[in-house]
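Following: one structure in structure tokens, then a few remarks.
Below, read A as the first sequence line, B as the second, and so on, with proteins coming before strands; counting in each chain starts at 1. Scope of the values below: all heavy atoms of this structure, side chains included, with no hydrogens, waters or symmetry mates.
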2 protein chains.
Amino acid sequence: MARPRKEQELDIPRRAVEETIRLLTQQGDFGVPLTAVAQAVGCTAPALYGHFRNKNALLRAARDEGFGRLYNEKFAVFEQMRGDPLGYLRDGSYAYARFALENPTLYRLMFSPPPKLGVSDDPWSSEAGRQVLSLLLTGLRSSQEHGYLPGADLQRYGFMFWSTIHGAVSLNIQDRLLDHAAKWDSTQSVIDALMEIIAATGPAKHPITS
Amino acid sequence: MARPRKEQELDIPRRAVEETIRLLTQQGDFGVPLTAVAQAVGCTAPALYGHFRNKNALLRAARDEGFGRLYNEKFAVFEQMRGDPLGYLRDGSYAYARFALENPTLYRLMFSPPPKLGVSDDPWSSEAGRQVLSLLLTGLRSSQEHGYLPGADLQRYGFMFWSTIHGAVSLNIQDRLLDHAAKWDSTQSVIDALMEIIAATGPAKHPITS
DNA sequence: ACCTCAAACTTAATATCATTCAGTTCTCGG
DNA sequence: CCGAGAACTGAATGATATTAAGTTTGAGGT
């Protein structure tokens, strides 16, 4: 048997990405053998080379899929929260953190990929990250229009905001001693502190002026 | 030739770690062949197994060395800045960021190690990270004694502070399109914003009350 | 219906490493 | 001066990624 019959055709590109993410998650490591992916898909390793230039290309595709999923989750929250910019910033951050803590290996592939992946070679990959960032910036701009962060440089604060949350989930993902609940509490605490700081700059219900 | 003569004895453990870090830095990737390390040291690959259980153990040792170097740099700043807690927070953060941006691959090995390294298996490795954090906490406690961050939960703010800086350097390291100067500016901006926020909570020279 | 060809795989072959094995040569305590 | 063990070396093993060569199938032209 060499070429498969039409009935048993399988969408290798899609299934390969899907199974790669599943195995990545399961093994908790990028070092998933191509043969394992191939077996899960139902073909042999060399067959994958007809759809991806090499293993790195497959991992890049999995990474892009990860960005897509993250964006979708954040976007869902975004639409749900129209008119409540601070609420979006909070719940959008929760969604981001939940995604990271529930898919730690995929998150690491997205934001701490081994340089040999050649990630910067294709503009799309960093572009996907930029879309997530732009969603955050929109939230911040909207918050500013509602009176928060008066006069702040949004580009600057946006990056800081993202850094804080990315840093929190990264450090929590890395700490193998904490259980899932503890990681979530720790991350949530950071997000809440961030929200308190932003809320304090706005039209105060409980004025801060002393 | 099998066993080396006494004259040509070389301190394999130390040199191996040293060369591993050098090659790591040079190749920008953890995938440094053991044979390359061995060649740089001046022995063969199997010889390394007399000093490290396996390649992961060697990488763990390199990681620990990285934590040691980072701690030393931060500690030097700490001693230089006695009596100026805010100055220590700022310069200590600069030192941290400089270390990360100048040793991106080593930094990634320290804070985003591949899980298969078995990092959490030995308590020492996460302990080293904890020492760096404790230095930060000391700075925050000292700042609080000087009137900043009144009533704040230092454990909580310490983690947030660290998250922000770690996040900023991580994101900057990852962005292959930025040059070194741009990364440094971006990181410094985050640190400065953080310092402004902390300074604003203290005995204000330029009161914020409106 | 038949022939040819390119597509889409498969199996076999190659190369690169990590790791283990089986020596080989020093050094040192007696 | 001898014997044992330390400290290596070179060759063997095994896992993977990647490439090469070979095989079957579907489609289009006749």
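- Residues in residues 23-39 of chain B take part in these side chain to side chain donor-acceptor pair (under 3.5 Å) pairs, two or more places apart or across chains: B:Arg22-B:Gln26.
- Going from atom CZ of B:Arg15 over to atom P of D:dC8 covers 13 Å, rounded to whole Å.
- Between D:dT9 and B:Thr44, a contact under 4.0 Å exists linking OP1 or OP2 to a side-chain N or O.
- A cation-pi contact, defined as under 6.0 Å to the ring centre and within 45° of the axis, is absent between A:Arg69 and A:Phe99.
- Atom pair A:Leu58:CG and D:dT16:P shows a separation of 16 Å (rounding to whole Å applied).
- Listed nucleotides D:dT9, D:dT19, C:dC9 differ in distance to A:Pro46; the shortest reach to its side chain belongs to D:dT19.
- Rounded to whole Å, atom P of C:dA8 lies 14 Å from atom CZ of A:Phe52.
- The end-to-end axis angle of the helix from C:dA1-D:dT30 to C:dG30-D:dC1, rounded to 10 degrees and based on five pairs per end, is 0°.
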Taking only nitrogen or oxygen atoms into account, show me every contact under 3.5 Å that the protein makes with nucleotides 15-18 of chain C, one pair per line with its distance.
residue : atom : partner : partner atom : Å
C:dA18  : OP1  : B:Leu34 : N            : 3.4
C:dA18  : OP1  : B:Lys55 : NZ           : 2.5
C:dA18  : OP2  : B:Leu34 : N            : 2.6

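- Whole-Å rounding puts the A:Leu48 CG to C:dA8 P distance at 14 Å.
- B:Thr187 meets the side chain to side chain donor-acceptor pair (under 3.5 Å) test with B:Asn172; sequence neighbours excluded.
- Side-chain N or O atoms of B:Arg156 include one that pairs as donor or acceptor with a backbone N or O of A:Ser189 at under 3.5 Å.
- Contact record, B:Leu89 with B:Leu140: CD1-CD2, 3.7 Å, taken as the closest heavy-atom pair.
- The CE atom of A:Met195 sits 8.5 Å away from atom OH of A:Tyr148, with the distance rounded to the nearest 0.5 Å.
- Residues satisfying the side-chain contact (heavy atoms from CB on, under 4.5 Å) test with B:Lys74, not counting sequence neighbours, are B:Leu70, B:Tyr88, B:Tyr96, B:Val132, B:Leu135.
- When distances are taken from the side chain of B:Ala47 to each of C:dT11, D:dT18, D:dT9, the shortest belongs to D:dT9.
- One interatomic measurement links the two molecules: CZ of B:Arg53 to P of C:dT19, which rounds to 11 Å at whole-angstrom precision.
- Annotation: side chain of B:Ser170 is not in contact with side chain of B:Arg108 (no heavy-atom distance under 4.5 Å).
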Are there any protein N/O atoms within less than 3.5 Å of an N/O atom in nucleotides 12-14 of chain D, and if so, which ones and at what distance?
none

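- Remark: the backbone N or O of A:Thr164 is not paired with any side-chain donor or acceptor of B:Thr164 at under 3.5 angstrom.
- Side-chain N/O atoms of B:His51 include one lying less than 4.0 angstrom from OP1 or OP2 on D:dC8.
- A distance of 11.0 Å separates OH in A:Tyr49 from OG1 in A:Thr44, rounded to the nearest 0.5 Å.
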Stepwise ring-ring contact (aromatic ring centres under 6.0 Å, His included) test for B:Phe75 and B:Tyr71: CA-CA 6 Å; B:Phe75 189 71; B:Tyr71 181 79; 5.8 Å; yes
